[in-house]
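Remarks on the structure that follows.
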Amino acid sequence: QVTLVDSGGGSVQAGGSLRLSCTASKSINCMGWWRQFPGGVREGVARIYSGGGRVFYADSVRGRFTISLDNAKNAVYLQMDSLKPEDSATYYCAAAQSHWGDDFCYGLLEAGVDYWGQGTQVTVSS
């Protein structure tokens, strides 16, 4: 069992930045972020594999968000720049154990996630 603790959300004006953090209770090789909008729709935002390789970004955030890992701390971070009001959502840290390398992590669907964080709210005002 792995526990994920995510943090770093808050309120910011459009164009601002926030950095989300998530720490896992033990090593797990595929970590990322999903977000859930007020209407209930959930979107995969970014994912990264601890062994390197392809990094997934949703089209809606590519070029503005950067995901990174600190393997020594079992932590994943999401640097969010140039934030827009449409980025407002609850952001959830997610993790899964990949036995198939970075391809699995890159293509991970919500149904394949093994562990979820408790969520952190991001609100971007115009």
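Contact check for Thr3 versus Tyr115: no side-chain heavy atoms found under the 4.5 Å cut-off. Under the 4.5 Å side-chain criterion, counting only non-hydrogen atoms from C-beta, Thr66 is not in contact with Leu78. Here the side chains of Val45 and Phe65 are in contact, with some heavy-atom distance below 4.5 Å. You'll find the side chain of His99 stays beyond 4.5 Å of the side chain of Phe104, heavy atoms only. Side-chain contact check for Met31 versus Leu69: some heavy-atom pair is nearer than 4.5 Å. Between Ser17 and Met80, the closest side-chain pair of non-hydrogen atoms is not below 4.5 Å.
Rounded to the nearest 0.5 Å, atoms CZ (Arg35) and CG (Asp87) are 5.0 Å apart. Here the straight-line distance linking atom CG of Leu108 with atom OH of Tyr49 works out to 12.5 Å at 0.5 Å rounding. Rounding to the nearest 0.5 angstrom, the gap separating the CG atom in Asn29 from the SG atom in Cys105 is 7.0 Å. Distance OG1/Thr90 to CD/Gln118: 11.0 Å, rounded to 0.5 Å. One distance of note links CZ of Phe56 with SG of Cys30; it measures 11.0 Å at 0.5 Å rounding. Leu4 CG to Ile28 CD1: the interatomic distance, rounded to the nearest 0.5 Å, is 7.0 Å.
The backbone N or O of Gln97 sits less than 3.5 Å from a side-chain atom of Asp114, completing a donor-acceptor pair. For the pair Asp6 (side chain) and Cys22 (backbone), a donor-acceptor distance under 3.5 Å is absent. Side-chain N or O atoms of Ser88 include none that pairs as donor or acceptor with a backbone N or O of Thr123 at under 3.5 Å.
With respect to Arg62 and Asp59, a salt bridge is recorded, a charged nitrogen being found less than 4.0 Å from a carboxylate O.
Under the 4.5 Å side-chain contact rule for hydrophobic residues, Tyr91 and Val12 share a cluster.
Scanning both residues, Ser21 and Trp33, for their nearest heavy atoms gives O-CH2, 3.5 Å. Taking all atoms of both residues into account, the shortest heavy-atom contact from Trp34 to Ala94 is CE3-CB, 3.6 Å. The minimum heavy-atom distance linking Ser126 with Ala14 is given by the pair CA-CB, 4.3 Å. Residues Gly8 and Leu18 come closest through the heavy atom pair O-CD2, 4.1 Å.
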>> Run the side-chain hydrogen bond (donor to acceptor under 3.5 Å, both in side chains) test on Glu43 and Ser60 for me, step by step, so that the C-alpha distance in whole Å, both residues' side-chain angles and the decisive distance to 0.1 Å come before the verdict.
In response: CA-CA 10 Å; Glu43 175 186 45; Ser60 56; 3.1 Å; yes
> For Ser68 and Gln79, what are the C-alpha separation, side-chain angles and deciding distance, and is it a side-chain contact (heavy atoms from CB on, under 4.5 Å)?
Replying inline: CA-CA 8 Å; Ser68 61; Gln79 178 65 40; over 6 Å; no
>> Run the side-chain contact (heavy atoms from CB on, under 4.5 Å) test on Thr120 and Leu20 for me, step by step, so that the C-alpha distance in whole Å, both residues' side-chain angles and the decisive distance to 0.1 Å come before the verdict.
In response: CA-CA 8 Å; Thr120 185; Leu20 305 184; 3.9 Å; yes
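Trp116 carries Arg42 over the face of its six-membered ring, with the cationic atom under 6.0 Å from the centre and within 45° of the normal. Judged by the 6.0 Å distance and 45° axis criteria, Arg64 is not positioned over the aromatic ring of Tyr57.
Side-chain contact of Ser50 with Asn71: a donor-acceptor pair under 3.5 Å is absent, judged by distance alone. Donor-acceptor pairing under 3.5 Å is lacking for the side chains of Tyr106 and Arg54.
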